[in-house]
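The next block holds one structure in the form of structure tokens; read it before the comments.
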Amino acid sequence: MNDLPKHKGLRSQLVKLLKEKGIKDENVLDAINSIPRHLFLNSSFLDHAYQDKAFPIGANQTISQPYTVAYQTELLQLNKGDKILEIGTGSGYQTAVLIQLKCEVFSIERQKELFLKTKKALPKIGYVAKKFIYGDGYKGLKENAPYDKILVTAGAPFVPKALLSQLKIGGRLVIPVGEKNQIMTLFIRKSEKEFLKEEFDAFNFVPFLKDVNK
Ligand code: SAH
């Protein structure tokens, strides 16, 4: 499947909409403008790829809405070369945004079907992550810690301590917290023991699940 002028046109309309909704980070907008989101959806949803909506990607999961991806990425305040831990690889679209922004990405997914599919598909379209892991994001990934930034793309009933502990001093964790809907929450690690917490808008994520067999 190709990236055609029609797709590029739809993408620039999407970027315009994201700006209207309040996304300001030009690097984030440029990344969204350049990544062919239609390649991350099942072909039956191709027509929907550039609408600002979440869509099914299999295993009862969804590709996050572009606005949500932009919002979370903006909150991370990425710098080139940042080492990122992403929880919830899903379709890999958010992973591609982080890679496009020149970050080193370690990504964890607990649905085997999605893990296998994305691990194979993402490099094929030119986005190479440092590592894909099949496992439980609640534990983070200690062997490569600490991280400059950690991003959770599923709705977390609570903030896992492991994730806070795997953050560099000065690092940022962006995590949607809540059961039914979630408050986008940012933690900045000020020192070994001190974290600054800031809350933002409410969102609706699929749940951050604990039991790998569910
Ligand atoms: N960012 C991705 C997926 C968003 S949906 C995209 O836009 O395509 C959230 C993802 O988190 C799903 O793929 C889900 O399977 C995954 N997830 C849920 N609980 C998890 C856990 N404990 N560890 C790792 N991934 C998890």
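Residues: numbered from 1 along the sequence shown. Counting convention: from 1, in listed order, for ligands and their atoms alike. Only this structure's heavy atoms are used, side chains among them; waters, hydrogens and symmetry mates stay out.
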With heavy atoms only and a cut-off of under 4.0 Å, state how [X] meets ligand 1: side chain, backbone, both or neither.
X	result
V69	neither
T153	both
A59	neither

Closest protein heavy atom (residue, atom, distance) for [atom]:
atom	answer
atom 12 (C) of ligand 1	Q61 OE1, 3.3 Å
atom 17 (N) of ligand 1	R110 CG, 3.9 Å
atom 23 (N) of ligand 1	G137 N, 2.8 Å

Aromatic rings H38 and H7: how do their planes relate, parallel, tilted or perpendicular, breaks at 30° and 60°?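 Answer is parallel, since the angle falls under 30°.
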
Going by the angle between their ring planes, with limits at 30° and 60°, are F40 and Y93 parallel, tilted or perpendicular?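 F40 and Y93: perpendicular rings.
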
Would you call K112 and E109 a salt bridge, using N to O less than 4.0 angstrom?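 Not counted as a salt bridge, because no side-chain N and carboxylate O are separated by less than 4.0 Å.
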
Using a strict 4.0 Å threshold on nitrogen-to-oxygen distance, state whether R11 and D3 make a salt bridge.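 A salt bridge links R11 with D3.
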
Please check whether E86 reaches ligand 1 - meaning an N/O of the residue sits under 3.5 Å from an N/O of the ligand, judged on distance alone.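 No, since none of the N or O atoms of E86 sits under 3.5 Å from an N or O of ligand 1.
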
Are G135 and ligand 1 in contact, using a heavy-atom cut-off of under 4.0 Å?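 So G135 counts as touching ligand 1.
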
Test item, T95 contacting ligand 1 (heavy atom, 4.0 angstrom):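 No, T95 has no heavy atoms under 4.0 Å from ligand 1.
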
Any side-chain heavy atom of I23 within less than 4.5 Å of one from Y67?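 Of all side-chain heavy-atom pairs linking Y67 with I23, at least one is under 4.5 Å.
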
Regarding K119 and the six-membered ring of F132, is the cationic atom NZ or CZ under 6.0 Å from the ring centre and inside 45° of its axis?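 Geometry flag: not set, cation outside 6.0 Å or 45°.
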
Using the rule given for side-chain contact (heavy atoms from CB on, under 4.5 Å), can you reason through D82 versus N79, listing the C-alpha separation, both sets of side-chain angles and the distance that settles it, and then say yes or no? CA-CA 6 Å; D82 272 354; N79 298 306; 3.7 Å; yes

